[in-house]
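Note sheet for the following structure.
The structure displayed is predicted, hence computed values, not measured ones.
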Amino acid sequence: MDVMGDKATLLETGSFVQPADFSESTGDLSQPMDRDETGEAAEEARQRLAAQTGDVEAMSVLGALLLRRGDLDGAEPHLRAATAAGDRAAANNLGVLLHQRGYAEDAAGWWRIAAVAGSAAAAHALGRHHRERGDEPAAEYWLRQSAEQGHALGAYALADLLEHRADTGAEQWMRIAAERGHREAAYRLARALDRRLGPEGDVGDDHGAGAEAEQWYRQAAARGHRRAALHLGAILERRGALKEAGRWYLTSAKDGEARAACALGFLLRDAGDTESAAVWWLRAAQDGDGNAANALGALHAERGESQTAERWYRAAMDAGDDNGAYNLGLLCAEQGRTAQAEQWYRRAAYAGHREAANALAILLLQGGDTAGAEPWFSKAAEAGSVDAAFNLGILFAGRGEEAVALRWYERAAAAGHTEAALQVGIARLRDGDETEAERHLRCAAGGGSAEAAYRLATVLDARRPPVPAHSLGEPVHTGKSECEEWYERAASQGHRRAQVRVGMLAAARGDVVEAARWYREAAEAGSRNGAFNLGLLLAREGSDPEAAVWWTRAADAGHGRAALRLALVYARRGELAEGQRWADRAVALGPAEVSERAARLRDALREELSA
């Protein structure tokens, strides 16, 4: 056979899709150019006339047109004739035709001829043929020939082969294929770059890798790659570009990506459009997305539609999502169906769901089964459940094993658990390690713990130097100290002791109105000290009857000084019997100093009554 020429053909210019390339199920294949049917018919007629005159190129082009249409019988004689005349593109297409007929070895023979003559497409097809038969050295040889000639599919197939062997050269060829417009190569290159980043796309110091990954996702998504559109949407959502993220999620979801439909649902829900969210969740759930089924279950549970919620949780579980069983457990627990809740928690926990293991342990603990709860708390904690680590601390503290409890508290605190940090801070205070105590209390207070804010304020308060005195002997009041700010934070969160302390600080500044406000708030929340101090404030302002009301409330709650104040109030009014009764109460309540004074008052009132 004569040496074939280098003529460009439909196949090599991308106007014809080589069917053998369709074995790359996720490959980015060139699509036929859209052509008017009339124009295509005219083109075919023109090529047919030219082929009848012996035009080799026309024979090759006509064969390719018929092959693309699926007319194998019509295409074969034209391709064979062009191949016999030395057209390498015809030889390649003849290989494609024979491959479609099931004659793989005959197809490989023609591909070899075309590849030797310089056809990059044929080299790619031949490389694929050898790889399918397990001959990787031959596959690599021909795929490399194709890739080095600039064939995008060849570069991608070579990268895929090298990646399978963990060859470091894989990324180079994947990048080349992506740069030549191969969408699957762009997607896989982006995924490879993504894997170098954190689990949530946290690029750390490698900002370049993150930007490059996004670039390749964007290229693949623009070419219709639905998974690339999904990942691009996720990157944009993390960045806060929600509108653009929503557009890519929508594009991916419309192309049938269930995860994108689910993500779009969450985006719509967060924007307040629950009804539209439910539509996309339904679509994703029907396509087997367990996360979407769980979201639908939660939506119906919020609406009080427990039966529908249970149905969707079961659908999530059937889709392989362990959250379905966990959510069923939560639903049953809320309804008081403890036995069923335990059953579902166990199912999820045995599947490795750490929060289900924690919930199961809590359920067992509430039922008095401490021995059964402990291993589940441990399993959940070892799997990374911060709540379980904290709960183990509570469990061991309850047994008096403070050292073991502290280790679990420290573990939970290190992971950001607010209450655990508070417990560590309290333990360090108890041990006299004020520096470590302050560090943990600051963490807990910053996390929103009112008790931690109060205890931190007391630590800082104890360090404060005495308030400097004015030259005339009056205290000089400067701006609020840090400890006052922490007291106020705790007070604003409803911490009664902090409210009383803030009231005292305000009173010391002479701000009676502010002091009264905080004392009243504490008293109304049940603080006997708040009620007593409010009474003192009112008495100083001349409101004795109202002061007596608050002292009565404080004394009824066990405040000895309030009882003594009431005894004095009634004694001054001449109501000696009532005064004696409150004096007796003050003696009983104490403390020692109050008891001593109340006893003297009681004895004096008794003598007065007996006179």
Legend entry - Beyond-backbone contact of R346 with Q343, side-chain heavy atoms, under 4.5 angstrom: no
Inset, instruction - Quick one: sort the Y326 and Y345 rings into parallel, tilted or perpendicular, breaks at 30° and 60°. - result: tilted
Inset, instruction - Give a yes or no answer on whether the side chain of T251 reaches the backbone of R247 with a donor-acceptor pair at less than 3.5 Å. - result: yes
Legend entry - Side chains of E40 and R68 in contact at under 4.5 Å (non-hydrogen atoms): yes
Legend entry - Residue pair A415 / V386: nearest heavy atoms and the distance that separates them: CB-CG2, 3.5 Å
Legend entry - Spacing of OG belonging to S378 relative to CG belonging to L392, to within rounding of 0.5 Å: 4.5 Å
Inset, instruction - Report yes or no: do E237 and Y249 form a side-chain donor-acceptor pair below 3.5 Å? - result: yes
Inset, instruction - Return yes when atom CZ of R218 has more than 12 non-hydrogen atoms of other residues, nucleotides or ligands closer than 6.0 Å, and no otherwise. - result: yes
Inset, instruction - Considering non-hydrogen atoms only, spot the tightest contact between V56 and A85 and give its length. - result: CG2-CB, 3.4 Å
Inset, instruction - Any chance you could measure E257, atom CD, to L264, atom CG, to the nearest 0.5 Å? - result: 12.5 Å
Inset, instruction - Quick one: do E179 and R175 satisfy salt bridge (Lys or Arg N to Asp or Glu O under 4.0 Å)? Show the steps, please. - result: CA-CA 6 Å; E179 288 170 349; R175 188 180 299 276; 5.3 Å; no
Inset, instruction - Determine, stepwise, if the pair L66 / R48 fulfils side chain to side chain contact (heavy atoms under 4.5 Å, CB included). - result: CA-CA 11 Å; L66 295 171; R48 192 176 293 278; 4.1 Å; yes
Inset, instruction - With rounding to the nearest 0.5 Å, note down the distance linking NE2 in H151 to CG in L158. - result: 13.0 Å
Legend entry - Side chain to side chain, R226 and K254, heavy atoms closer than 4.5 Å: no
Inset, instruction - Give the minimum heavy-atom separation between A421 and C443, together with the two atoms involved. - result: CB-CB, 4.4 Å
Legend entry - N93 (side chain) donor-acceptor with V96 (main chain) under 3.5 angstrom: no
Legend entry - Note, E214 side chain near H231 side chain (heavy atom, < 4.5 Å): no
Legend entry - Steps toward side chain to side chain contact (heavy atoms under 4.5 Å, CB included) verdict (Y187, Q219): CA-CA 8 Å; Y187 171 72; Q219 178 173 309; over 6 Å; no
Inset, instruction - Give a yes or no answer on whether the side chain of N391 reaches the backbone of D387 with a donor-acceptor pair at less than 3.5 Å. - result: yes
Legend entry - Listed partners of W376 passing ring pair (Phe, Tyr, Trp, His ring centres under 6.0 Å), at least two apart: Y350
Legend entry - Donor-acceptor side-chain pairing of Y156 and R188 below 3.5 angstrom: yes
Inset, instruction - Calculate, to the nearest 0.5 Å, the distance between atoms SG and CG belonging to C262 and L282 respectively. - result: 12.0 Å
Inset, instruction - Step by step, work out the side chain to side chain contact (heavy atoms under 4.5 Å, CB included) result for L65 and R69. - result: CA-CA 6 Å; L65 286 170; R69 186 188 302 160; 5.5 Å; no
Legend entry - The single option from R165, R131, H130 passing side-chain hydrogen bond (donor to acceptor under 3.5 Å, both in side chains) against E140: R165
Inset, instruction - Would you mind reporting whether E105 and R133 have side-chain heavy atoms less than 4.5 Å apart? - result: yes
List the atom pairs, donor and acceptor, that lie under 3.5 Å between side-chain atoms in residues 265-273 and the rest of the protein, sequence neighbours left out.
residue : atom : partner : partner atom : Å
D273    : OD1  : S276    : N            : 3.2
D273    : OD1  : S276    : OG           : 3.1
D273    : OD2  : S276    : OG           : 2.7

Inset, instruction - Could you walk me through whether D87 and M59 pass the side chain to side chain contact (heavy atoms under 4.5 Å, CB included) test, one step at a time? - result: CA-CA 9 Å; D87 189 289; M59 294 177 195; over 6 Å; no
Inset, instruction - Specify the closest pair of heavy atoms between A114 and A91, including all atoms of both residues, with the distance to one decimal. - result: CB-CB, 3.9 Å
Legend entry - Modelled atom types, side-chain donor and acceptor of N323 and N294, under 3.5 Å: no
Legend entry - L230 side, atom CG; S252 side, atom OG - distance, nearest 0.5 Å: 5.0 Å
Inset, instruction - For the residue pair E163 and M174, establish whether any side-chain heavy-atom pair is separated by less than 4.5 Å. - result: yes
Inset, instruction - Go through the steps to decide whether D73 and R101 satisfy the test salt bridge (Lys or Arg N to Asp or Glu O under 4.0 Å), and finish with yes or no. - result: CA-CA 10 Å; D73 291 335; R101 289 190 185 279; 2.8 Å; yes
Inset, instruction - Spell out, as yes or no, whether a donor-acceptor pair under 3.5 Å connects the side chain of S385 to the backbone of A380. - result: no
Inset, instruction - Answer yes if the ring centres of H99 and W111 are under 6.0 angstrom apart, and no otherwise. - result: yes
Inset, instruction - For F390, enumerate each residue passing the ring pair (Phe, Tyr, Trp, His ring centres under 6.0 Å) test, keeping only those at least two apart in sequence or located in another chain. - result: Y409, H417
Inset, instruction - Apply side chain to side chain donor-acceptor pair (under 3.5 Å) to Q47 and E43, showing your working. - result: CA-CA 6 Å; Q47 296 294 348; E43 172 67 13; 2.7 Å; yes
Inset, instruction - Kindly indicate whether the side chain of E382, heavy atoms from C-beta on, has any atom under 4.5 Å from the side chain of F377. - result: no
Inset, instruction - Indicate whether the side chain of Y217 and that of R191 have a donor and an acceptor atom separated by less than 3.5 Å. - result: yes
Legend entry - Nearest heavy atoms of A388 and N358, plus distance in Å: CA-OD1, 3.3 Å
Inset, instruction - Report yes if some heavy atom in the side chain of L364 is under 4.5 Å from a heavy atom in the side chain of E342; otherwise report no. - result: yes
Legend entry - Check ion pair D322-R354 (N to O, under 4.0 angstrom): no
Legend entry - Smallest separation among heavy atoms of A284 and A258, with atom names: CB-O, 3.3 Å
Legend entry - Nearest-0.5 Å distance, CG of residue L97 to CG of residue N92: 11.5 Å
